[in-house]
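All remarks here apply to the structure that follows.
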Amino acid sequence: MTLTECEADLLRRLAETPFADRLDLAALSGWSRGAVYAAMDRLTEGGMASAVPHAAPLLPPTRRYFLTVEGLAEVADLEKVSQDVLLRRRPVSSRWQRVLLERLETLGVIYRLAAAIANVEFPVSIRLFRATPADAGIVLPGGRTVAILRQGDTADRTGFAKRLWRLREGTQPGGLLALAPDLVRLRQARRMLAGASFPVFTALERDASLAGPDSRLWFPPSVPTALDLRSALARLERGAGLPTEDPESQPQLPPVIDLDLPSAAAPRWLLPTLLSPAEKGALDLLCDWPWASRQELSGIMGVSSRRASQLLARLGEFGLVGHAGGPRTQRLAVTDRGLALLARRDRASLGAARRRWSIAPLDVAKPLTWRNVSGSRSRQLLRNVEHTGAVHRFLAALAEQARAAGWQVAQLDPPRRASRYFHYDGRLHSVLPDAFGIMRRGNATVPFFLEWERRAVRPVTMATRLAPYLRYYSSHRPLDDHGVQPIVLVVFDDELAATHFLNLARREMDQAGVEVPLLVSNRAALEGLGPMGRAWLVAGDWERRHAFAAIGDSGD
């Protein structure tokens, strides 16, 4: 097969950027879309390239291309090197293929961002990393460099902080583009990167994956005004480098990818190409809220029970979801295979995830009760399944009512992401709610913490529960963390305990001189009126009101 100049160039590009799609290749190569589409069709027909389907919640469905063994041999000839040298120089070995497929969501966003950079600075060269703190690096004209780092949705605060520390201690790039999954973690990343010795710009991942070079979405660490990509790149330092990784000692040619295997036999690293965006979203949701029922998940997702059952059944076919309890009391959670899929995607610690969240039985011969669950936090949630289910039902009811009232549940965080750490009186303190969320309608944005109380029925216990919030709201951290002060929703099982808590809260706030935006309700009121109904009381006022004030009286 005689190659045209465009086809030869695209083969080289695919050796540098495996699993790029045709739009990415057009932007990175400078060839027109028509030329790239025609060239990729011819390379695929000639057996030098192949493709896998891919779709994710943040990216449209596409086909991602990679070199076959024949294509690798052709690139080796074009570059006048042996195949072994090519496997060491480029991310095209069997090991690299597996790593990149496992991180396909991250890779897609990186390529979209690189394409936007190529519209500003051309040509660019991309370096992908397996184990360095950064996910990728881009070399711009003149040798300027910028590293790209993505915080995965399941990555915990400690693990991500270690990646940032390693990045700052290693080879200094000319700048850093950091991607965060939500505004709370974007603000946290900005604080952690404030002392970096190189320019740092943070943005929401969903914005960076869709926006062009002129969109103002990149925040410097200590400046409240966002910059566009063109302005951010103009601030890169010259003469900086990028991290380097040792080449593989014995790289192997990649195997043929078979997408027609039965679900149960599909290797984990192929699942990002086989799962739909809805299935990936359901898996993420179940990872956030272990031991939820199908009905609770359908309410949070905003789909019918039938659709939720279809999504969960599909995840079950791939071995990603398991359950405990009988048919009527069945509760679902992510299996070790599912945890591995998410951890590899987000560069999180699989060992830590399994220690905390595994649902593998300690004794396979016994039923899966809380005593037989190996993951420490999964065991705790299943042991307190009544409390766990109450939180899930609240969030499901909130999501359903919000949609009916024209509100959007913009964010729902489980306890591990809802916690806030802050310094008070020279010591590190925290608030550890059962959930955190953000509600939006029009220009109204209402963040909230949720505390579902079953044991705080004595005055001393109630005061202990309130104390962390008094400390938190006495500082500037609520505004730093969220931009506005979140409300605190506290729910009790019975009305009497809620009344006692309100009286105590009023006294404690007056004594401390701190006003906590506290709203209190009870199970019966919420079951009758719903979370967005007039079911809430505030300290010192016994008239029931809506938790989300901007909704007015339309929630009754």
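Fair warning: this is a prediction, and the values are worked out from it, not measured in the lab.
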**Asked** Stepwise, does the side-chain contact (heavy atoms from CB on, under 4.5 Å) test hold for L128 with W96?
**Response** CA-CA 10 Å; L128 302 175; W96 262 111; 4.1 Å; yes

**Message:** Closer than 4.0 angstrom, basic N to acidic O: yes or no for D156 and K162?
**Reply:** no

**Asked** How are the rings of F19 and F66 set relative to one another: parallel (under 30°), tilted (30 to 60°) or perpendicular (over 60°)?
**Response** tilted

**Request:** Give the C-alpha distance, both sets of side-chain angles, the deciding distance and a yes or no for side chain to side chain donor-acceptor pair (under 3.5 Å) between S419 and R157.
**Result:** CA-CA 10 Å; S419 59; R157 195 189 329 252; 3.1 Å; yes

**Step-by-step salt bridge (Lys or Arg N to Asp or Glu O under 4.0 Å) determination, D207 to R216** = CA-CA 10 Å; D207 294 341; R216 300 175 67 87; over 6 Å; no

**Message:** Please determine whether a side-chain nitrogen of the Lys or Arg among D481 and R191 lies less than 4.0 Å from a carboxylate oxygen of the Asp or Glu.
**Reply:** yes

**Message:** What I want to find out is whether R230 reaches D214 closely enough, with some N-O distance under 4.0 Å, to be called a salt bridge.
**Reply:** yes

**Distance-only donor-acceptor check, side chains D9 and S29, under 3.5 Å** = no

**Request:** Output yes when R150 and D346 qualify as a salt bridge under the 4.0 Å nitrogen-oxygen rule, no when they do not.
**Result:** yes

**Item:** R13 and D24: CA distance, side-chain angles, deciding distance, salt bridge (Lys or Arg N to Asp or Glu O under 4.0 Å) verdict
**Value:** CA-CA 10 Å; R13 287 282 172 180; D24 299 330; over 6 Å; no

**Asked** Can you tell me if E121 uses its side chain to pair, donor with acceptor, with the backbone of L233 under 3.5 Å?
**Response** no

**Request:** Please name the pair of heavy atoms, one in A115 and one in A27, separated by the smallest distance, quoted to 0.1 Å.
**Result:** CB-CB, 3.5 Å

**Asked** Taking NZ, NE, NH1 and NH2 as the nitrogens, is one of them in E279 or R314 under 4.0 Å from a carboxylate oxygen of the other?
**Response** yes

**Message:** Within this structure, what is the OG-CD distance for the pair S197 and Q172, rounded to the nearest 0.5 Å?
**Reply:** 3.5 Å

**Request:** Give the minimum heavy-atom separation between V109 and E205, together with the two atoms involved.
**Result:** CG2-OE2, 3.4 Å

**Prompt:** Would K280 and D153 pass as an ion pair if we require N to O under 4.0 Å?
**Reply:** no

**Request:** Decide salt bridge (Lys or Arg N to Asp or Glu O under 4.0 Å) for D135 and R163; before the verdict, give the C-alpha distance in whole Å, the side-chain angles of both, and the deciding distance to 0.1 Å.
**Result:** CA-CA 10 Å; D135 294 293; R163 283 181 67 191; 3.2 Å; yes

**Item:** Pair D288 + R416: basic N to acidic O under 4.0 Å
**Value:** yes

**CZ/R33: more than 12 non-hydrogen atoms of other groups inside 6.0 Å** = no

**Lys/Arg-Asp/Glu bridge criterion (N-O < 4.0 Å) met for E7, R42** = yes

**Asked** Do you see a donor-acceptor pair shorter than 3.5 Å between the side chains of D228 and W218?
**Response** no

**Message:** Parallel, tilted or perpendicular: which one describes the rings of F448 and F548, with boundaries at 30° and 60°?
**Reply:** perpendicular

**Prompt:** Do the rings of F436 and F449 sit parallel, tilted or perpendicular, given the 30° and 60° boundaries?
**Reply:** tilted

**Pair R130 + D246: basic N to acidic O under 4.0 Å** = no

**Asked** Is the count of non-hydrogen atoms from other residues, nucleotides or ligands lying under 6.0 Å from E5 atom CD greater than 12?
**Response** no

**Prompt:** Any donor-acceptor pair under 3.5 Å linking the side chain of R347 with the backbone of A134?
**Reply:** yes

**Message:** Do the side chains of R144 and E237 get close enough for a salt bridge, i.e. N-O under 4.0 angstrom?
**Reply:** no

**Asked** Say you draw a straight line from CG of D434 to NE2 of H392; how long is it, rounded to the nearest 0.5 Å?
**Response** 10.0 Å

**Prompt:** Which distance, rounded to the nearest 0.5 Å, do you find between the CE of M40 and the CG of L25?
**Reply:** 6.0 Å

**R477 versus H429, side-chain donor and acceptor atoms under 3.5 Å** = no

**Asked** Of all residues at least two apart in sequence or in a different chain, which pass the ring pair (Phe, Tyr, Trp, His ring centres under 6.0 Å) check with Y111?
**Response** none

**Item:** Step-by-step side-chain contact (heavy atoms from CB on, under 4.5 Å) determination, V200 to R190
**Value:** CA-CA 8 Å; V200 174; R190 290 179 68 191; over 6 Å; no

**Item:** Short N-O contact, E16 and R90, less than 4.0 angstrom
**Value:** no

